[in-house]
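Chain identifiers are assigned alphabetically (A, B, ...) following the order of the sequence lines, protein sequences preceding nucleic acid strands; residue numbering begins at 1 within each chain.
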Number of protein chains: 2
Amino acid sequence: MKEIPAPSKKRLVLLAQILSQRTKEKITSVEIQRLAGWSEATVRRDISLLELHNGVSNGYDVKVLRDAILARFNMEENVQNEHRCCIVGLGKLGEALLESSFFEKSNFKIVAGFDSSQNRIELLRSRIPLHSTNNLESFVRMENIEYAVLSVDDAKAQLMADKLVAAGIKGIVNYTNTVLSVPDSVKIENVNPVLVMRTFLA
Amino acid sequence: MKEIPAPSKKRLVLLAQILSQRTKEKITSVEIQRLAGWSEATVRRDISLLELHNGVSNGYDVKVLRDAILARFNMEENVQNEHRCCIVGLGKLGEALLESSFFEKSNFKIVAGFDSSQNRIELLRSRIPLHSTNNLESFVRMENIEYAVLSVDDAKAQLMADKLVAAGIKGIVNYTNTVLSVPDSVKIENVNPVLVMRTFLA
DNA sequence: CCTTGTGAAGTTCTTCACAGCT
DNA sequence: AGCTGTGAAGAACTTCACAAGG
């Protein structure tokens, strides 16, 4: 199976989302261009990487295309594709993410939350098991957690990232202001709103 | 002034953050490579785009380099660089972002929050003025708001994005699952944790 | 006509490799 | 020695342009 370049991967993931929201049976590269803002040539190239040969001359079948993307990235919602995740740092933001419905309709499941404050843990009383960050490394390892959301104070961000890395984490969605140092094998995406907005500037 | 490519811009914004956390006076491209994970050649190329000529043979002066990046992207904290922002959708996540300290030490200022529920607006009672999304377009325009955080329900995401675009918004940090259709001139960054994690997959 | 899929061309970004400075 | 800055090379990505199918 051909390796798909990172930019194409990002677009295909978003394309799957677009297709999920569609009612019509067919879609063309020009329609996708209008919906997503990518050029029609890029859209066709991205889709061709899936080696589907499904769209010939008539546009793409929405369901077939969507299923192909889900399959290619193991995004189908079934047990063997389930990816176990945790949230580290249960301040207002961590709590909001913990209780959000974001993960519900996906194959990513939040299986634990961590905070350094025992008070906070007892106060929250979530359906999801909450633990002290003291036990972070052993829990992440034991629970086979693959991905983490990091929403701790900046001062603790690198320390917690180190623990996650030591526990074998595969990727971190970083809501903190801190730029994390991790091995190349660990994926990081910085989603702090201020850092993101700065990239909007001239 | 030379235009800086988007990938370099993203790295330089993060580099400024790294430099802010530094105590030592000097830093080399190899140290930055270790801290951030970018190759030393990339680091030097990025910095050379600033046309500083400050680092010759001795590493870069942290303060000079940081100030140069801040200046280049109008990120200094002063009044004329202030960028006015709003949060659209004040559920748990929107509320958490509203009350977060993320924006405090930046030149992005949250000047308004919007929600479709009058109950919710009255319940929250923030220091920041909160309004109904009915008035979104006129408020954004009147208040000269440049950037928005979108944290509404998926069902309302495109509608709210349309209003923001109509009001002349320059960029949207999108926490929803919805892939937004906006003109090319409007910058979008998708930071929904599930969409981000999907890009981590094979 | 309208589509897709894709070689080839074009563009952008990254890395190499080394001159030149300290 | 160790460092930066940068032409030149290389790699990666995007777009063009068109053959072929419906």
Side-chain angles (χ1 to χ4, degrees), chain A residues 1-15 18-19 22 24-69 72 184 187-188 199 202, chain B residues 1-15 18-19 22 24-69 72 184 187-188 199 202:
Chain A
M1 190 164 51
K2 205 188 296 174
E3 178 65 19
I4 293 182
S8 297
K9 194 196 295 181
K10 285 203 174 180
R11 285 188 299 262
L12 286 169
V13 164
L14 295 179
L15 177 55
I18 289 173
L19 297 174
R22 273 249 137 179
K24 289 208 291 185
E25 197 198 330
K26 295 273 188 175
I27 194 166
T28 67
S29 53
V30 175
E31 289 178 284
I32 296 170
Q33 171 173 48
R34 191 178 45 75
L35 289 170
W38 317 309
S39 83
E40 47 165 325
T42 295
V43 169
R44 287 202 300 276
R45 175 74 63 191
D46 285 348
I47 292 172
S48 82
L49 297 173
L50 299 170
E51 292 167 310
L52 264 184
H53 311 285
N54 160 68
V56 180
S57 309
N58 267 311
Y60 303 95
D61 184 300
V62 169
K63 184 173 167 7
V64 171
L65 181 52
R66 176 168 175 276
D67 287 350
I69 299 172
R72 181 60 181 74
D184 287 356
K187 317 233 177 180
I188 298 274
T199 68
Chain B
M1 191 163 54
K2 205 187 297 173
E3 180 65 17
I4 293 182
S8 298
K9 192 196 295 183
K10 285 203 174 181
R11 286 188 299 263
L12 286 171
V13 164
L14 294 179
L15 178 55
I18 290 173
L19 296 174
R22 273 247 134 179
K24 290 209 288 184
E25 197 198 330
K26 294 276 188 173
I27 195 166
T28 68
S29 54
V30 174
E31 288 177 284
I32 295 170
Q33 172 172 49
R34 189 177 46 74
L35 289 169
W38 317 310
S39 82
E40 47 164 326
T42 295
V43 170
R44 288 202 298 279
R45 174 73 63 193
D46 286 349
I47 292 173
S48 82
L49 299 172
L50 300 170
E51 293 167 309
L52 265 186
H53 311 284
N54 159 68
V56 180
S57 310
N58 266 310
Y60 302 95
D61 183 300
V62 170
K63 184 173 168 4
V64 170
L65 180 53
R66 177 169 174 276
D67 287 350
I69 299 171
R72 181 61 180 74
D184 287 356
K187 318 234 175 178
I188 297 272
T199 69

*Asks:* Mind listing the closest non-hydrogen atom pair of B/V43 and B/Q33 along with its distance?
*Replies:* CG2-N, 4.5 Å
*Asks:* Using heavy atoms to find the nearest nucleotide of DNA chain C for A/S48 and B/D46 separately, return the residue whose nucleotide is more 5′.
*Replies:*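 Counting from the 5' end, the first nearest nucleotide belongs to A/S48.
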*Asks:* Does the side chain of A/R22 reach to within under 4.5 Å of the side chain of A/L35, using non-hydrogen atoms?
*Replies:* yes
*Asks:* Mind listing the closest non-hydrogen atom pair of A/T28 and A/G59 along with its distance?
*Replies:* CG2-CA, 4.1 Å
*Asks:* Output the rounded distance in Å from CZ (B/R45) to P (D/dA9).
*Replies:*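 Result: 13 Å.
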*Asks:* What do the steps show when you test A/E40 against A/I32 for side-chain contact (heavy atoms from CB on, under 4.5 Å), and what is the final call?
*Replies:* CA-CA 7 Å; A/E40 47 165 325; A/I32 296 170; over 6 Å; no
*Asks:* Can you establish whether the number of heavy atoms outside A/K63 located under 6.0 Å from its atom NZ is more than 12?
*Replies:*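 Open.
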*Asks:* Could you tell me whether the phosphate oxygens of D/dC13, OP1 or OP2, come under 4.0 Å of any side-chain nitrogen or oxygen in A/R11?
*Replies:*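 No, no such contact exists.
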*Asks:* How many Å lie between CD1 on B/I47 and P on D/dG5, as a whole number?
*Replies:*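 So the CD1-P distance, B/I47 to D/dG5, works out to 7 Å.
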*Asks:* Tabulate atom names and distances for all N/O pairs under 3.5 angstrom spanning the protein and nucleotides 19-22 of chain D.
*Replies:*
residue: D/dG21; atom: N2; partner: A/S57; partner atom: OG; Å: 3.2
residue: D/dG21; atom: N3; partner: A/S57; partner atom: OG; Å: 2.6
residue: D/dG22; atom: O3'; partner: A/N58; partner atom: ND2; Å: 3.4

*Asks:* Between A/L15 and A/W38, which heavy-atom pair has the shortest distance, and what is it?
*Replies:*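 In this case the closest contact between A/L15 and A/W38 is N-CH2, 4.0 Å.
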*Asks:* Could you state the CZ-C1' distance from B/R44 to C/dA19, rounded to the nearest angstrom?
*Replies:*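 After rounding, the gap between these two atoms is 13 Å.
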*Asks:* Quick one: B/L12 CG to C/dC13 P, roughly how many Å, whole number?
*Replies:* 13 Å
*Asks:* Of the nucleotides D/dC16, C/dC16, C/dT4, which has the atom closest to the A/A41 side chain?
*Replies:*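 For the A/A41 side chain, the nearest candidate turns out to be D/dC16.
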*Asks:* How many whole angstroms separate atom CD1 of A/I4 from atom C1' of D/dC13?
*Replies:* 14 Å
*Asks:* Separation of A/H53 atom NE2 from C/dT6 atom C1', in whole Å?
*Replies:*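 Computing the A/H53:NE2 to C/dT6:C1' distance gives 11 Å.
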*Asks:* A/L49 CG to C/dT6 P: how many Å, rounded?
*Replies:* 10 Å
*Asks:* Do you know which two heavy atoms are closest between B/V62 and B/K26, and how far apart they sit?
*Replies:*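 Nearest heavy atoms, B/V62 then B/K26: CG2-C, 3.8 Å.
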*Asks:* Just how far, in rounded Å, is C1' of D/dC13 from NZ of A/K10?
*Replies:*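 The distance from NZ of A/K10 to C1' of D/dC13 comes to 14 Å, rounded to the nearest Å.
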*Asks:* What are the two closest heavy atoms between B/L50 and B/I4, and how far apart are they?
*Replies:* CD2-CD1, 4.2 Å
*Asks:* Looking only at heavy atoms, which two atoms of A/G37 and B/D184 are closest? And how far apart?
*Replies:*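 Reported closest heavy-atom pair: O-OD1, 4.3 Å.
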*Asks:* Near DNA chain C, counting only heavy atoms under 4.0 Å, which residues of residues 24-35 of chain B show up?
*Replies:* none
